[in-house]
Protein chains: 2
Amino acid sequence: MAITPAAGSSRSASVKDVAATAGVSLGTVSNVLNRPERVSPATRERVERAMAELGFVRNESARSLRTGSTQSLAYVMLDAGNPFFTDVARGIELAAESAGLSLFLCNSDSRSAREGAHLAHLQQQRVQGIVITPVDPDDPQIDQLIERGTPIVMVDRTRAGSSFCSVAVDDVLGGRLAVEHLIDAGHRRVAYVGGPESIGQVRDRGEGARQAWAEAGLPPEDLITLSCEAPTVACGRTAGERLVGLPARRRPTAAFCANDLLALGLLQQTISSGRTVPGDLAIVGYDDIEFAAAAAVPLTSVRQPRQDLGRRAAELLLDEVDDPAHEHEQVVFTPELVARASTLGRP
Amino acid sequence: MAITPAAGSSRSASVKDVAATAGVSLGTVSNVLNRPERVSPATRERVERAMAELGFVRNESARSLRTGSTQSLAYVMLDAGNPFFTDVARGIELAAESAGLSLFLCNSDSRSAREGAHLAHLQQQRVQGIVITPVDPDDPQIDQLIERGTPIVMVDRTRAGSSFCSVAVDDVLGGRLAVEHLIDAGHRRVAYVGGPESIGQVRDRGEGARQAWAEAGLPPEDLITLSCEAPTVACGRTAGERLVGLPARRRPTAAFCANDLLALGLLQQTISSGRTVPGDLAIVGYDDIEFAAAAAVPLTSVRQPRQDLGRRAAELLLDEVDDPAHEHEQVVFTPELVARASTLGRP
DNA sequence: GCTCCTTCCTGAAACGTTCAATTGCAGCAT
DNA sequence: ATGCTGCAATTGAACGTTTCAGGAAGGAGC
């Protein structure tokens, strides 16, 4: 290995070094960095050349120590493996980028402990604010953060009458849309395949389904609810087997699943057991993940404006950061039904 | 709203404030934080109580300014929407967590400009090191980072004889595994459905496929190569149509796809056109994404140890950070074939 | 020649930590 | 008494930046 040239000396260059090589004072260098219009073009250029020569990189720690604020936001996401949250993240990033801030993504992986560690660390970093999809919306650590001055915005979760903004999607409406669509298609026996009732989303979507059913004047007992342990592909398959096990006159002609993973599992089980979709069973999913359109039979699904969710959350956060008159807001987006072959195809 | 209590005063508490309320000097507070064993239990407890009372949160900017190093790593990922990279990220996070560091995830979204902005910002943050799956492995900004002292480890990309570590998977071997599996199953006309040749992975997997084919003594013209514009589901469907268009005696009985998205598209097209898998066409994918197992016909695929990739990358980075005798290493992992119904089922 | 502006630059004081050097103080041996 | 030893706590100087009160130089107006 060749000996590194002068540029690669031990410590990295500071404003002081730049000032020395440019033959100006340290304050001038800072001005070039922060208020270039105050520096004469000649000196400015000299300073800039010195920076380039020394490979100067501004030390963000010192900067934010001095100014008392950082240039960054964070999104603490529930599950980085779930496309829903990565799309939300993309929306946040877009908003952060156009505000000139950088975004730290943290993944709690649905574990309270990791979430807590991330929050503590972000607080120490003095990030401007935090967007979060929390493991538990009622976690007292969230209140503690707010009390100590870090603005928070919650995405896809809410807490009644709370001291922060939140952005969510109307899941009751989503459930209605799905079931109204099935009723319109002529189905009179439908299954709601839900996940564990402990998840608010699962409850709300089921509630919407029941509302639509009742409003159509259909008998409640013809809307069967199947609860799964987890909203996964494997559970969707199991649900399929349970449906087949029902006596023919009670067996539903359509199923509305609380998310696309369940729907895909159900779809797979139905097809591989030799029945057809939608002929023997029409299926509606929820989330409209990328693979929904790519399934063996393209899946009808309820789409949420994921990226908008993120963007709006970031905007609310930024508003709270720099508008002293900010008022907390609970934004609710509207979902949309995307009809595809799994409910539309030839019977 | 109630008036916030004393704790919520304007500025957040500093070590100085803690020292004052605990009635000790500022250095003692720092000792409680960093070398608690040097402080007598009585004082320590007094200081800790003061911290709790004031809601003291250590200012990480000041800390890292003083110590000259941060407690964080970063992973600049190519595409946060691709499960492959989120699994890599999970591996990195595991390693970072057990080293007591926190991880910043940045998404370049395959855009050079975003990647550059992230790298610049991370350099300003003085992160300990950066794991990256770059848009372009030869980007000079990467060399510049290394020159200026930020260690880099590359994941899933490499550069010949370079000045940093890298971690990748043997894609040539992966291609061999896939095609050997098909040959073993009796296939004598096979298609390799690749993406654009500009992607190194696509080339390597194809190369492995050809090697296996040649070693089995099969005629080269019976291994057809289909190039797609992009490795997506839609392109996989198109590839399916092109296969059907071939004259029967040239039509392959099996296809090896450069990734699972292509394979899923091909699978979908095959089934919806009334043919069967693997009866009319056996299919092997690559990546073993979660949906591979959940497809209409569960997909045989080549699995990469994604999480291990990330973990190892982080370990190499950490080694470089704190071992002065560190030597750069190019780690290559071994892929593994996961056989499922798309090549195994009853014909 | 004098004052009064501008423009461009300087110098020093913060910001909140850490850490090495230092003081104070008790206990113990001389 | 006097000097050691060792522990506990204190002191003060950094770290690299921003900011702000000015100072020097030069020009305009009288």
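Both backbone and side-chain heavy atoms feed into the values below; hydrogens, waters and symmetry mates do not. Lettering of chains follows the sequences in order, A, B, ..., and the numbering in each one begins at 1.
In the helix from dG1(C)-dC30(D) to dT30(C)-dA1(D), the terminal helix axes, each the rotation mapping four pairs' C1' atoms onto the next four within five end pairs, subtend 60°, rounded to 10°.
Atom CZ in Arg38(A) sits about 13 Å away from atom P in dT18(D), given to the nearest Å. Gln124(B) places its CD atom 15 Å from the P atom of dG16(D), with the value rounded to the nearest Å. Atom NZ in Lys16(A) sits roughly 12 Å away from atom C1' in dG11(C) (whole-Å rounding). Distance CG (Leu33(A)) to P (dT17(D)): 8 Å, rounded to an integer number of Å. Straight-line distance from the CZ atom of Arg35(A) to the P atom of dT17(D): 15 Å, rounded to whole Å.
With a 4.5 Å cut-off on side-chain heavy atoms, Val76(B) and Leu122(B) count as touching. Two residues are said to be in side-chain contact when any heavy atoms from C-beta on lie closer than 4.5 Å; Met77(A) and Leu105(A) meet this criterion. Residues Phe84(B) and Leu309(B) form a side-chain contact, since some pair of their non-hydrogen atoms from C-beta on lies under 4.5 Å apart.
Salt bridge Arg111(B)/Glu93(A): absent, no basic N to carboxylate O contact under 4.0 Å. Comment: Glu45(A) engages Arg49(A) in a salt bridge, judged by a side-chain N to carboxylate O separation of less than 4.0 angstrom. Between Arg312(B) and Glu315(B) there is a salt bridge, since a side-chain N of the basic residue sits under 4.0 Å from a carboxylate O of the acidic one.
Using a 4.0 Å heavy-atom distance criterion, Ser40(A) is classed as a sugar-phosphate-only contact. Thr28(A) comes within 4.0 angstrom of a base, heavy atoms only. Across all strands, Gly68(A) comes closer than 4.0 Å to no nucleic acid atom at all (heavy-atom distances).
Judged by distance alone, the side chain of Thr21(A) and the main-chain N or O of Asp17(A) form a donor-acceptor pair under 3.5 Å. Panel note: side chain Asn107(B), backbone Ala80(B); a donor-acceptor pair is recorded below 3.5 Å. With hydrogens and angles ignored, the 3.5 Å screen pairs a side-chain donor or acceptor of Glu115(B) with a backbone N or O of Val135(B).
Sequence order on DNA chain C of the closest nucleotides to Thr43(A) and Leu26(A) puts Thr43(A) first from the 5' end. Projected onto DNA chain D by closest heavy-atom contact, Arg44(B) and Asn31(A) fall at different nucleotides, the more 5' of which corresponds to Arg44(B).
Residues of residues 60-67 of chain A that place a heavy atom closer than 4.0 Å to DNA chain D, in numerical order, are Ala62(A), Arg63(A), Arg66(A), Thr67(A).
Of the candidates dC9(C), dT17(D), dG12(D), the closest approach to any side-chain atom of Arg58(A) belongs to dT17(D).
Within the structure, a side-chain polar atom (N or O) of Asn34(A) is placed less than 4.0 Å from OP1 or OP2 of dT18(D). Considering only side-chain N and O atoms, Ser25(B) lies under 4.0 angstrom from the phosphate OP1 or OP2 of dT10(D). Under 4.0 angstrom from either OP1 or OP2 of dT18(D) there lies at least one side-chain N or O belonging to Ser30(A). For Arg126(A), no side-chain nitrogen or oxygen approaches OP1 or OP2 of dG16(C) to under 4.0 Å.
Shown here for Arg46(A) and Gly23(A), the closest heavy-atom pair between the two residues is NH1-O, 4.2 Å.
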